[in-house]
Amino acid sequence: MPSYNHLEIEPKWQKEWETNKAGEAVESDADAVYHLIMFPYPSGAGLHVGHVESYTAMDILSRKARMQGKNVLFPIGYDAFGLPAENYAVKTGVHPADTTKKTMETFRRQMKAVGLSFDWSREIATCDPAYYRWTQWLFLLFYKNDLAYRAKAPVNWCDGCNTVLANEQVVDGACERCKTTVVQKDLEQWFFRITKYADRLLAGIDAVDWPERIKSMQRHWIGRSDGVEVEFRGLRAEMTGEKGTERVHEAEFSIPVFTTRVDTLFGVSYIVLAPEHPLVDVLTTEENRDAVVAYRDQARKKSELERTQLEKDKSGVFIGTYAKHPLTGEDIPIWISDYVLVNYGTGAVMGVPAHDERDFIFAQKYAQGVNEVVAPPAGMEHDFAAEAYTDDGILVNSGEFDGMTSTEAKNAIATAIESAGKGKRVVNYHLRDWLVSRQRYWGAPIPIVWCEACGAQPVEPKDLPVLLPRDVDFMPTGRSPLVDSVSFHDVSCPKCGAGARRESDTMDTFVDSSWYYLRYTDPHNDDVLAEPERIRRWCPVDLYLGGAEHAVLHLLYSRFFAYALHDLGYVDFEEPFLKLRNQGLILGPDGEKMSKSLGNVVNPDEVIEQYGADTIRLYEMFMGPLEDAKPWDTSGIVGIRRFLDKVWMTRERVGDAKDAELTCLVQKTIKKISDDIEALKFNTAISQLMICANALHEREVVPRGAYETFVTLLAPFAPHLAEEIWHDLGHAESAFAQSWPEYDAELAKDALVAIAVQVNGRLRATIELSPDLPEKDVRDRALATENVEKFTDGKEIAKVIFIQGRLINIVVK
RNA sequence: GCCGCGGUGGCGGAACUGGUAUACGCGCGGGACUCAAAAUCCCGUGCCUGCAAGGGCUUGAGGGUUCGAUUCCCUCCCGCGGCACCA
């Protein structure tokens with residue numbers, strides 16, 4: 001059997017590399033590069049083939065970089081806090097710390113079996129007190145700098161997970177993790193003031209080398225919109241005095257509405273408040289109160305999902321009060337409707353049926369006037385009775401602003417509003433502050449103590465970490481065990497010393513992962529989060545590889561952390577990840593997403609057992625472009641193993657031989673592999689390795705130099721086999737002690753190339769010629785070719801296009 | 001609806017800056033070795049036509065620019081991912 005024994009050689013070299021600390025980074029500035037993969041959540045399912053894909057890609061990059069003399073930081077750790085381990089504890093009673101320890105061991109074993117050259121000396125786990133002490137320290141830093149605060153707000157509550165969630169963790173109105181429909185609750189919670197950075201986070205996106213998809217998702221999520229807050233004022237009846245002797249007064253009120261289309265201000269026919277708007281109670285007249293209360297109760301019962309998905313159906317109630325138009329003084333009726341969201345803008349909008357689709361639908365239902373104030377440009381027809389005209393145009397029916405374009409009018413009306421003191425230009429964001437507290441156990445405790453007398457008191461940094469108590473009860477009540485742990489929450493106030501209660505909420509696990517890349521630079525430091533010198537040395541991250549599912553979660557939060565730490569003087573950069581790439585999903589052999597229930601999950605352990613680590617590495621890199629989704633194909637693996645066996649067998653025929661053609665091919669291979677690895681085009685790199693291997697294999701005697709160069713090029717991809725062959729060839733040192741081959745353009749030059757000969761752009765022949773042959777000679781040779789003569793004979797040559805070394809095109813009439 | 005990405009053989013996929021479309025791998029067909037099979041090795045393999053040389057067609061559809069278009073432009077169709085009552 002002409003095959004190598006992967007079961008023997010792979011563990012052998014893995015052990016050797018471990019002993020030699022082959023992947024460890026050196027603390028030196030020279031040629032320092034930081035390669036980061038998104039650290040895994042150590043799930044019970046073990047390592048997924050998707051992990052293998054991105055880790056292998058980065059391993060190839062890192063191994064090559066080291067061979068080029070670079071000092072590479074390629075660390076690994078575990079995003080180890082989180083809900084699944086806690087839910088498992090509720091179900092089985094096994095402590096999350098034990099579950100997590102076990103799953104981390106499994107991940108570690110599996111990653112080592114893939115032959116990944118991580119710097120294992122820097123391994124971290126977010127659930128380690130030595131780690132989360134700094135997560136807590138960061139919380140305190142933010143707290144002291146007004147970036148962490150507690151507030152009562154309408155928040156997302158998941159009944160399945162029994163905790164609040166950040167906006168980013170609500171997908172289609174449901175919990176991202178357990179799919180339970182999220183309900184709104186008014187609760188006091190901890191927030192990070194990410195909105196303070198909205199503008200800079202938006203601007204910073206332009207500067208980073210990230211996939212356009214992710215960048216546009218972040219821009220969209222931050223959602224900046226520039227507009228005007230316009231005040232609609234009015235008078236309402238107010239009762240004062242003792243019961244029985246009340247008197248009615250006229251009191252002034254003001255409703256600010258936010259609009260991006262202030263050019264349509266003269267088209268307002270009504271105002272709509274969100275049902276939850278605080279002014280609703282105040283402004284509703286007695287005769288309308290019953291209807292308003294009924295509507296509001298009904299709206300409250302609707303989930304966010306229902307309110308946002310029944311887009312076409314608009315409903316509302318008139319509340320009985322009118323406000324004055326700020327420029328015309330006209331009376332404008334005030335309505336409530338659940339198509340207006342309380343937590344965006346001012347929670348109130350102006351209804352302009354002629355120029356807004358939603359307002360148009362609403363106006364039709366409730367017989368509000370459609371006032372055309374923006375006319376379509378000349379030559380364009382629009383039927384205002386049929387639908388709203390939402391594009392820009394020329395102003396009409398707008399007093400002194402008539403004749404202006406929408407753009408001019410936006411500016412002019414905004415100025416008029418401002419100088420009349422009836423509003424101001426404002427910027428609104430979709431981005432909300434980040435809700436970070438969770439009513440769960442398995443996370444980093446929020447380092448705050450509640451004192452009757454002093455209120456919320458931060459824990460002293462010297463008292464960190466606030467340890468998660470191990471000895472707690474996991475009850476299926478849904479309540480965090482921390483709430484009932486007396487030893488945990490009975491403390492004294494850090495300020496006055498009186499009896500106090502520890503905050504029992506923990507932090508969102510996304511807080512843990514927002515700064516882990518900093519810790520890798522100095523993972524064992526007990527005095528500081530990381531030495532500034534080391535952060536400066538390695539950060540920001542040069543290349544970051546991971547899944548696209550974190551587009552607005554981890555990647556946005558981490559950017560916020562970096563900006564905040566920059567402003568507080570802890571880091572000298574703003575953007576943490578200069579270049580980002582996403583690996584595509586690996587689908588099951590059936591083309592579906594791998595899942596337990598479909599039974600199409602491929603276990604890397606089994607592939608490694610049967611074919612070897614080098615085979616799974618090569619196979620996953622060869623499947624297709626890194627960023628594409630691609631189905632697993634078991635028969636494709638066989639082809640990779642055949643290729644590796646071929647390389648192995650070729651070694652037996654190595655000897656002394658001169659072979660100019662092979663030299664040329666090897667040079668081209670050096671060029672192609674080097675370029676392709678940098679461009680993350682591993683599939684085409686491997687294709688070139690195959691072409692080269694096939695050529696080597698064909699030779700009776702394989703020139704030693706060519707073969708050794710080939711093995712060096714193969715090494716980052718198939719490190720075990722390359723190392724085995726390298727030693728088998730008589731070398732004492734590691735294959736990775738080699739420097740990366742240098743490309744020599746002179747040697748790569750072909751003696752002969754196939755020139756395409758076209759007549760009128762159609763291929764009629766190919767001729768073998770020296771690539772340097774001048775046009776005249778190529779032309780003569782081409783015209784003398786039999787099949788070309790056939791198409792040119794008796795015709796006039798109008799033109800000849802010549803591309804040196806590639807083609808000649810004869811244009812005839 | 002809006003934003004982003006894509007559509008190439010039987011399959012996964014290649015193709016520099018507009019320059020020989022289908023590299024590489026799988027699969028399939030044929031052959032060698034073998035008592036036989038597996039493994040391995042060699043040859044072939046886009047479609048139509050032809051004994052062959054060759055010819056015609058072909059990168060989702062249609063049009064355009066060009067000596068030449070998978071690549072650039074216009075119109076349209078389909079698929080995937082994201083966002084979506086944000087005023």
Side-chain angles (χ1 to χ4, degrees), chain A residues 1-3 171-172 211-217 219-221 223-225 227 257-262 264 272 307-314 337-341 343-352 355-359 361-362 390 428-431 548-549 551-552 582 584-585 618-619 622-625 627-640 642-643 645-646 649 675 681 683-691 693-694 697-698 753-766 786-787 790 798-803 805-812:
Chain A
M1 180 93 168
S3 180
V171 176
D172 290 336
E212 201 44 53
R213 185 171 38 123
I214 303 285
K215 300 211 304 188
S216 90
M217 279 167 77
R219 286 192 192 104
H220 200 100
W221 188 262
R224 178 186 164 117
S225 58
V257 305
F258 175 71
T259 179
T260 55
R261 287 300 304 274
V262 78
T264 65
V272 198
R307 277 179 67 165
T308 55
Q309 284 199 339
L310 303 168
E311 283 173 37
K312 295 292 164 201
D313 188 37
K314 306 273 181 279
S337 171
D338 62 7
Y339 84 86
V340 176
L341 308 173
N343 51 8
Y344 185 76
T346 61
V349 303
M350 58 185 210
V352 186
H355 302 290
D356 183 281
E357 283 173 39
R358 296 153 301 183
D359 297 345
I361 293 164
F362 188 84
T390 57
N428 263 308
Y429 295 94
H430 171 264
L431 184 70
E549 67 274 16
V552 290
N582 299 124
L585 271 190
L618 268 279
Y619 173 64
F622 188 60
M623 289 172 85
E627 308 214 21
D628 288 7
K630 25 196 188 286
W632 188 271
D633 173 16
T634 305
S635 63
I637 300 170
V638 176
I640 294 292
R642 265 181 217 155
F643 158 68
D645 279 331
K646 188 185 287 182
M649 294 314 293
D675 292 351
K681 289 164 70 176
N683 54 332
T684 51
I686 292 168
S687 139
Q688 183 65 31
L689 284 171
M690 287 170 167
I691 291 168
N694 288 341
H697 188 70
E698 277 170 18
V753 291
I755 307 279
V757 182
Q758 298 182 337
V759 178
N760 287 350
R762 309 199 53 130
L763 184 71
R764 295 303 174 190
T766 57
E786 189 191 359
N787 202 42
K790 206 166 95 189
K799 202 174 173 184
V800 174
I801 284 113
F802 177 67
I803 309 288
R806 294 201 72 98
L807 96 152
I808 184 158
N809 184 12
I810 296 149
V811 184
V812 294

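Only this structure's heavy atoms are used, side chains among them; waters, hydrogens and symmetry mates stay out. Here is the naming used below: chain letters follow the sequence lines, and residue numbers restart at 1 for every chain.
In this structure, CG on D633(A) lies 11.0 Å from CZ on F622(A), to the nearest 0.5 angstrom. Distance check: D356(A) CG to F362(A) CZ gives 12.0 Å after rounding to the nearest 0.5 Å. The line from NE2 of H220(A) to NE2 of H430(A) is 7.0 Å long, rounded to the nearest 0.5 Å. Atom CZ of F802(A) and atom CG of N809(A) lie 12.5 Å apart (nearest 0.5 Å). Of the inter-residue distances, the one linking H355(A) atom NE2 with T390(A) atom OG1 reads 10.0 Å to the nearest 0.5 angstrom.
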Show the numbers, then the answer: is there a side-chain contact (heavy atoms from CB on, under 4.5 Å) between T264(A) and M350(A)?
CA-CA 10 Å; T264(A) 65; M350(A) 58 185 210; 3.6 Å; yes

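Contact annotation: Y344(A) side-chain N/O to A87(B) OP1/OP2 distance is under 4.0 Å. Residue R806(A) places at least one side-chain N or O closer than 4.0 Å to OP1 or OP2 of U20(B). Contact annotation: K314(A) side-chain N/O to A87(B) OP1/OP2 distance is not under 4.0 Å. For G27(B), the OP1/OP2 oxygens have a side-chain nitrogen or oxygen of R642(A) closer than 4.0 Å. Residue N809(A) places none of its side-chain N or O atoms closer than 4.0 Å to OP1 or OP2 of U66(B).
Within 4.0 Å of I801(A), counting heavy atoms only, lies at least one base atom of the nucleic acid. Contacts of V349(A) with the nucleic acid, taken as non-hydrogen atoms under 4.0 Å apart, include base atoms. Heavy atoms of H220(A) sit under 4.0 angstrom from primed sugar atoms or phosphate atoms, though from no base atom. Within the nucleic acid shown, T766(A) comes within 4.0 Å of at least one base atom, counting heavy atoms only.
Across all strands shown, G18(B) has no partner, as no Watson-Crick or G-U wobble contact with both distances under 3.5 Å is found. Base pairing annotation: C51(B) forms no Watson-Crick or G-U wobble pair, as no partner gives both donor-acceptor distances under 3.5 Å. Across all strands shown, G6(B) forms a Watson-Crick or G-U wobble pair with C78(B), both key distances being under 3.5 Å. The partner of C35(B) is absent, by the rule that a Watson-Crick or G-U pair needs both atom distances under 3.5 Å. Searching all strands for a Watson-Crick or G-U wobble partner of U71(B) with both distances below 3.5 Å returns nothing. The partner of C28(B) is G44(B), judged by Watson-Crick or G-U wobble contacts that both fall below 3.5 Å. Under the Watson-Crick or G-U wobble criterion, with both distances below 3.5 Å, G1(B) is paired with C83(B). Across the strands present, U65(B) finds no partner; the criterion is a Watson-Crick or G-U wobble pair with both atom distances under 3.5 angstrom.
Side-chain contact between R213(A) and N582(A) is present, with at least one heavy-atom pair separated by less than 4.5 Å. For the pair I640(A) and M690(A), the minimum side-chain heavy-atom distance is below 4.5 Å. Side chains of T634(A) and Y619(A) form no contact here, defined as non-hydrogen atoms less than 4.5 Å apart.
Taking the syn range as angles within 90° of 0, the glycosidic angle of G64(B) is outside it, so the base is anti.
Rounded to whole Å, atom C1' of G82(B) lies 13 Å from atom CD of E549(A). Taking atom NE2 of H697(A) as the reference point, atom C1' of C42(B) lies 11 Å away to the nearest angstrom. Rounding to whole angstrom units, OH of residue Y339(A) and C1' of A87(B) are separated by 8 Å. Atom CG of N694(A) is separated from atom P of A23(B) by 13 Å (rounded to the nearest Å). Whole-Å rounding puts the F643(A) CZ to C41(B) C1' distance at 18 Å. The separation between E698(A) atom CD and C43(B) atom C1' is 13 Å, rounded to whole Å. Between the CZ atom of R762(A) and the C1' atom of G56(B) there is a distance of 8 Å, given to the nearest Å. The nearest whole Å value for the distance from the OH atom in Y429(A) to the C1' atom in A87(B) is 17 Å.
On the P atoms, C28(B) is 15 Å away from C11(B), given to the nearest whole Å. If you take atom P in A23(B) and the same atom in G18(B), they sit 23 Å apart, rounded to whole Å. To the nearest whole angstrom, the two C1' atoms, one in A69(B) and one in A52(B), are 33 Å apart. Rounded to the nearest Å, the gap between the C1' atom of G7(B) and that of C76(B) is 14 Å. Here, C26(B) and G9(B) have their C1' atoms 13 Å apart, quoted to the whole Å. The separation of U75(B) from G19(B), taken at their P atoms, amounts to 25 Å, rounded to a whole angstrom. Comparing the same atom, C1', in G50(B) and in U20(B) gives a spacing of 23 Å after rounding to whole Å. Nucleotides G54(B) and U70(B) place their C1' atoms 26 Å apart, quoted to the nearest Å.
At distances below 3.5 Å, at least one donor-acceptor pair connects side-chain atoms of N787(A) with backbone N or O atoms of R764(A).
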Short N/O separations, protein against nucleotides 6-13 of chain B, under 3.5 angstrom:
from, atom 1, to, atom 2, distance (Å)
G12(B), O2', M623(A), O, 2.7

With 3.5 Å as the limit, what N/O pairs link the protein to nucleotides 51-55 of chain B?
from, atom 1, to, atom 2, distance (Å)
G54(B), O2', K790(A), NZ, 3.4
G55(B), OP1, R764(A), NH1, 3.2
G55(B), OP1, N787(A), ND2, 3.0

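Comparing atom distances between the H430(A) side chain and each of G19(B), A84(B), C26(B) picks out A84(B) as nearest. When distances are taken from the side chain of S687(A) to each of G19(B), A84(B), A23(B), the shortest belongs to A23(B).
More than 12 heavy atoms of other residues, nucleotides or ligands sit less than 6.0 Å from atom CD of E212(A).
Judged by closest nucleotide on RNA chain B, R213(A) is the one of M217(A) and R213(A) placed further toward the 5' end. Along RNA chain B, the nucleotide closest to T684(A) and the one closest to G761(A) are compared, and the more 5′ of them pairs with T684(A).
Side chain to side chain, D645(A) and S3(A) meet the donor-acceptor criterion of an N or O pair below 3.5 Å. Side-chain contact annotation: N694(A) with K646(A), donor-acceptor N/O pair under 3.5 Å present.
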